[in-house]
Amino acid sequence: MIDLKLLRSTPDVVRASQVARGDDPSVVDRVLAADAAHRAALQEFETARAEQKSIGKDVARAQGEEKQALLARTKALAARVKELQAGADAAAAQAVELARSLGNIPEPGVPAGGEDDYTVVKTVGAPRDLAAEGIDVQDHLAIGEGLKAIDMERGAKVSGARFYFLTGIGARLELAVLNAAMQTALEAGFSPMMTPTLVRPEVMAGTGFLGKHADEIYRLERDDLYLTGTSEVALAGYHSGEILDLADGPLRYAGWSACYRREAGSAGRDTRGIIRVHQFHKVEMFSYCRPEDAAAEHARFLETEERMLQALELPYRVIDTAAGDLGSSAARKFDCEAWLPSQERWMEVTSTSNCTTFQARRLAIRERREDGNEPVATVNGTIGTTRWLVALLENHQQADGSVHVPPVLRPYLGGLEVLEPVR
RNA sequence: GGAGAGUUGACCGAGCGGCCGAAGGUGACAGUCUUGAAAACUGUUGAGGCGUGACCCGCCUCCGCGGGUUCGAAUCCCGCACUCUCCGCCA
């Protein structure tokens, strides 16, 4: 949720934000109206309530007829107070609901526009010229099947489309990537966490995932719980309602979890292999920091992601996502995209967002500052996922169907230097 | 699944329907003492919001959450969530 005081004092900033995101700027005026209505109703209630309390104190002291007279007066007032309170509560709920529909204000420098209007920040490493190496390019699924690493058919049999089994070396490779990711995060100062993947509605809502993209999320109706699409949700909820001490720097966590996504809006997209699936694993970095440090923290996240990509010897580029493609919580988002040889395109493998105080405001996560308690900023970013296997298999494929193993992964694979096809 | 106990401020913990935003303690902060520190002593110290309100000031809300009774609820009643203990079931 954005700061209502900011909205009142500089509504134009918020209108501009809505326009940049491709959202409706008139919501701003509706929020302002609802906010004004709320404050008016609140005033009325509070005045009446103050009178009621003051009479109440006299009642306690009065005796006999005087007491009866006071009681008669305040009885009528009590009913009115109750009505006014209901009105004020309703007005507050309406204002908050409207305000919550506003996305975060993009950072200066974020490109305007939609999904295709990103700017490329940099490109690191060069895709191999596989044809020149005499390699008949295979996609990750063909390679994975050759290694007996991926089993889509049985995934579908057991769970349906977009489900899979990682088998044998595939399972080991995923563990290796995630372990290396966790190690990289650990070295960057993140504290490892194994997190719940089922969360309460208020936590899911607090992270901003129940807005426009709510139908992307699995929900267990009987238990009123949501399956998380990233451990960001649990890690953001971890300190909800708390007042933190950030005097020693940001609180940094690295969460390892299964992630669940309905992929409701992506029918027909990335249907082959494990690029886009309903369930995968991810190590996610998350930090709570001071708002003034958030941009620097965000840069640090990106740097850590790049270190991991470089260690895995993957060619990649970094894009600065356009306003319209930001999640509702994000003020800025950098994606790292690895090269995908089979499709000759870039594929998102990490995404890091600076959510400024947007999530913390909803989740009531604050820090005690000299001039009172202020919401903290939250930053999140990917350091490794199952999808990375796609990039690894394709970029490190060799003519005989085997796959080169980057040295950083070898300790997690019993020293294996090459993954050999199973015949 | 059954039975019982509980949920109060950063933490522990007391709380009679009005004098309770809440005793007491711990912690934190400031001061006295000390060459310095510790100890001791003194003081300060919950959150959110409204009022054109940064400071001062006034008011409202918050004692797990939601509702009810009452002129008035941390205190009484109902529902829900969570925690703990015991029993059962499963692994």
Side-chain angles (χ1 to χ4, degrees), chain A residues 1-11 31-100 195-206 219-226 233-234 237-248 251 288 290-292 357-376:
Chain A
M1 176 149 102
I2 66 160
D3 186 357
L4 273 183
K5 283 175 188 152
L6 175 88
L7 183 87
R8 278 177 212 148
S9 57
T10 55
V31 175
L32 284 173
D35 179 50
H38 166 231
R39 282 185 293 160
L42 190 62
Q43 288 267 316
E44 239 188 311
F45 157 68
E46 288 187 352
T47 308
R49 175 70 176 155
E51 192 187 348
Q52 183 192 26
K53 283 176 72 166
S54 139
I55 297 175
K57 281 188 177 140
D58 295 338
V59 170
R61 276 185 241 107
Q63 298 285 330
E65 276 182 33
E66 191 193 351
K67 186 164 194 156
Q68 291 312 311
L70 282 171
L71 281 178
R73 232 178 101 197
T74 189
K75 260 183 195 176
L77 188 56
R80 186 173 146 72
V81 165
K82 193 163 268 187
E83 265 175 50
L84 289 173
Q85 177 163 36
D89 286 351
Q94 199 183 357
V96 167
E97 194 193 326
L98 274 169
R100 284 196 163 208
T195 66
T197 54
L198 294 176
V199 300
R200 300 162 169 281
E202 61 268 27
V203 173
M204 190 56 96
R219 175 166 181 229
L220 299 183
E221 208 159 332
R222 278 177 65 169
D223 301 288
D224 201 17
L225 289 168
Y226 289 91
V233 179
Y238 188 68
H239 284 303
S240 63
E242 297 183 19
I243 296 175
L244 306 177
D245 181 1
L246 301 178
D248 299 328
L251 294 176
Y288 298 88
R290 292 183 171 158
E292 64 268 29
T357 58
F358 190 89
Q359 289 178 333
R361 218 175 276 284
R362 290 183 171 205
L363 292 167
I365 307 165
R366 293 155 293 168
E367 188 192 13
R368 205 181 300 283
R369 307 293 289 257
E370 280 185 16
D371 43 357
N373 296 322
E374 295 295 332
V376 303

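Naming: A, B, ... by sequence-line order, numbering from 1 per chain.
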Student: Side chain of Arg366(A) only, please: which of C71(B), C50(B), A47(B) is the nearest?
Tutor: A47(B)

Student: With no hydrogens and no angle check, is any side-chain donor or acceptor of Ser54(A) less than 3.5 Å from a backbone partner on Ala50(A)?
Tutor: no

Student: Go ahead and name the base partner of A81(B); Watson-Crick or wobble counts if both distances stay under 3.5 Å, otherwise write none.
Tutor: U7(B)

Student: Counting only Watson-Crick pairs (N1-N3 plus N6-O4 or O6-N4) and G-U wobbles (N1-O2, O6-N3), all under 3.5 Å, who is the partner of G51(B)?
Tutor: C57(B)

Student: Can you tell me the base-pairing partner of C19(B)? Count Watson-Crick or G-U wobble geometry only, both distances below 3.5 Å, and say none if there is no partner.
Tutor: none

Student: Look at the side chain of Glu46(A) and decide which nucleotide, out of A81(B), G48(B), C60(B), has an atom nearest to it.
Tutor: C60(B)

Student: Could you identify the nucleotide paired to C76(B), looking across every strand shown and requiring Watson-Crick or G-U wobble geometry with both distances under 3.5 Å?
Tutor: G68(B)

Student: Rounded to the nearest 0.5 Å, how far apart are CG of Leu225(A) and CZ of Arg200(A)?
Tutor: 7.5 Å

Student: Touch check for Gln52(A), heavy atoms < 4.0 angstrom, all strands: base, sugar-phosphate only, or nothing?
Tutor: sugar-phosphate

Student: So which nucleotide from G51(B), G48(B), C71(B) ends up closest to the side chain of Arg39(A)?
Tutor: G51(B)

Student: Return the nucleotide paired to C63(B): Watson-Crick means purine N1 to pyrimidine N3 with N6-O4 or O6-N4, wobble means G-U with N1-O2 and O6-N3, both under 3.5 Å.
Tutor: none

Student: Just checking, any donor-acceptor pair under 3.5 angstrom between side chains of Gln359(A) and Arg362(A)?
Tutor: no

Student: Given C71(B), U69(B), C60(B), which nucleotide is nearest the side-chain atoms of Lys82(A)?
Tutor: U69(B)

Student: Heavy atoms from C-beta onward define the side chain here; which of C50(B), U61(B), A81(B) lies closest to that of Arg49(A)?
Tutor: U61(B)

Student: Taking any strand in view, what nucleotide pairs with C90(B) in a Watson-Crick or G-U wobble way, both distances under 3.5 Å?
Tutor: none

Student: Working to the nearest 0.5 Å, report the span between CZ of Arg8(A) and CG of Leu4(A).
Tutor: 5.5 Å

Student: Under 3.5 Å for both donor-acceptor distances, Watson-Crick or wobble: does A40(B) have a partner, and if so which one?
Tutor: U32(B)

